[in-house]
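Worksheet: one structure, shown below.
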Amino acid sequence: INVIYTVLNVAAGTQDTVSLRARSVTTPATFNDGFADLTVIRPSVTITKEAFTDAGLTIPVSGDVLPGQSIWYKVTVSNASGTAAATSIDVNDDLPTQVTYVIHGDDGSGWTIAKLNGPPEHIDATLPSLAAGGSAYFWIEVTIN
């Protein structure tokens, strides 16, 4: 038996009880009542975007970046929840009109990344799931116009 319970837009920690009743198919029918207590848990997802001057994503941009120079955007998604995995993550990012897309990549977490032509150029990145307490990132290399 599969029981499907839909959680509406309620706060994490909200509690509810689902009552269940089983009935035998024999005559006379007998019943067995039960219940399941439920607590809503939700992921706590944050997204950060940082700019670096090196492909190793170790030297943050500081000061001026001149035309023709490359920068790498690192977009990190983190799930601060201690119990709830995040699923169907979709990050959409418009690139500034002052840059031109070069290439993208990821940390091997399973991102699917597509560049859509603009203007502005646009990155659409999806991740099937992210464990509680986990993080994953993708990066985009651009050149300054």
Side-chain angles (χ1 to χ4, degrees), residues 1-25 31-145:
I1 296 175
N2 291 327
V3 175
I4 298 173
Y5 180 84
T6 301
V7 177
L8 301 176
N9 190 16
V10 296
T14 300
Q15 296 182 340
D16 199 1
T17 299
V18 175
S19 298
L20 306 168
R21 172 173 265 197
R23 181 179 62 85
S24 68
V25 293
F31 296 91
N32 186 359
D33 293 326
F35 65 92
D37 288 329
L38 307 171
T39 301
V40 174
I41 56 174
R42 295 196 184 278
S44 177
V45 177
T46 58
I47 301 172
T48 58
K49 183 177 180 181
E50 303 167 281
F52 296 90
T53 59
D54 67 315
L57 306 174
T58 60
I59 304 170
V61 169
S62 65
D64 294 335
V65 183
L66 302 175
Q69 289 183 308
S70 289
I71 59 172
W72 287 259
Y73 289 118
K74 179 182 180 184
V75 179
T76 304
V77 177
S78 300
N79 181 2
S81 171
T83 56
T87 59
S88 302
I89 298 162
D90 189 4
V91 178
N92 293 283
D93 186 29
D94 286 339
L95 297 176
T97 56
Q98 300 86 352
V99 303
T100 300
Y101 167 87
V102 177
I103 194 168
H104 64 262
D106 65 49
D107 62 357
S109 298
W111 288 99
T112 300
I113 305 167
K115 194 239 345 146
L116 307 173
N117 291 328
E121 291 181 309
H122 179 86
I123 299 296
D124 184 16
T126 59
L127 186 65
S129 65
L130 184 60
S135 66
Y137 71 86
F138 63 92
W139 55 265
I140 309 153
E141 180 186 357
V142 298
T143 55
I144 305 301
N145 296 335

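The chain is numbered in sequence order, starting from 1.
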To the nearest 0.5 Å, how far apart are [atom1] in [X] and [atom2] in [Y]?
X      : Y      : atom1 : atom2 : answer
Thr48  : Tyr137 : OG1   : OH    : 12.0 Å
Leu130 : Ile89  : CG    : CD1   : 4.5 Å
Tyr101 : Lys115 : OH    : NZ    : 7.0 Å
Trp111 : Thr126 : CH2   : OG1   : 8.0 Å
Asp106 : Thr112 : CG    : OG1   : 8.5 Å
Thr14  : Leu38  : OG1   : CG    : 11.5 Å

Keeping [X] on the side-chain end and [Y] on the backbone end, is there a donor-acceptor pair under 3.5 Å?
X      : Y      : result
Asn145 : Thr97  : yes
Asp54  : Ile59  : yes
Asp124 : Ala114 : no

Compare every heavy atom of [Y] with every heavy atom of [X], then report the nearest pair and how far apart it is.
X      : Y      : value
Thr17  : Phe35  : CG2-CB, 3.9 Å
Ile144 : Leu66  : CB-O, 3.5 Å
Pro43  : Ala84  : N-CB, 3.5 Å
Val45  : Ala86  : CG2-CB, 3.7 Å
Pro128 : Gly110 : CD-O, 3.6 Å
Lys49  : Asp93  : NZ-OD2, 2.7 Å

Are the side chains of Asp16 and Val10 in touch, meaning some heavy atoms are under 4.5 Å apart?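 No, every pair of side-chain atoms sits at 4.5 Å or beyond.
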Just wondering, do Asn92 and His122 contact through their side chains at under 4.5 Å, heavy atoms?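 Yes, at least one pair of side-chain atoms sits under 4.5 Å.
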Applying side chain to side chain donor-acceptor pair (under 3.5 Å), which residue pairs with at least one partner in residues 62-81 are found, sequence neighbours left out?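 The answer is Ser70-Glu141.
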Which is it for Leu127 and Phe138 under the side chain to side chain contact (heavy atoms under 4.5 Å, CB included) test, yes or no, and what are the steps along the way? CA-CA 10 Å; Leu127 186 65; Phe138 63 92; over 6 Å; no
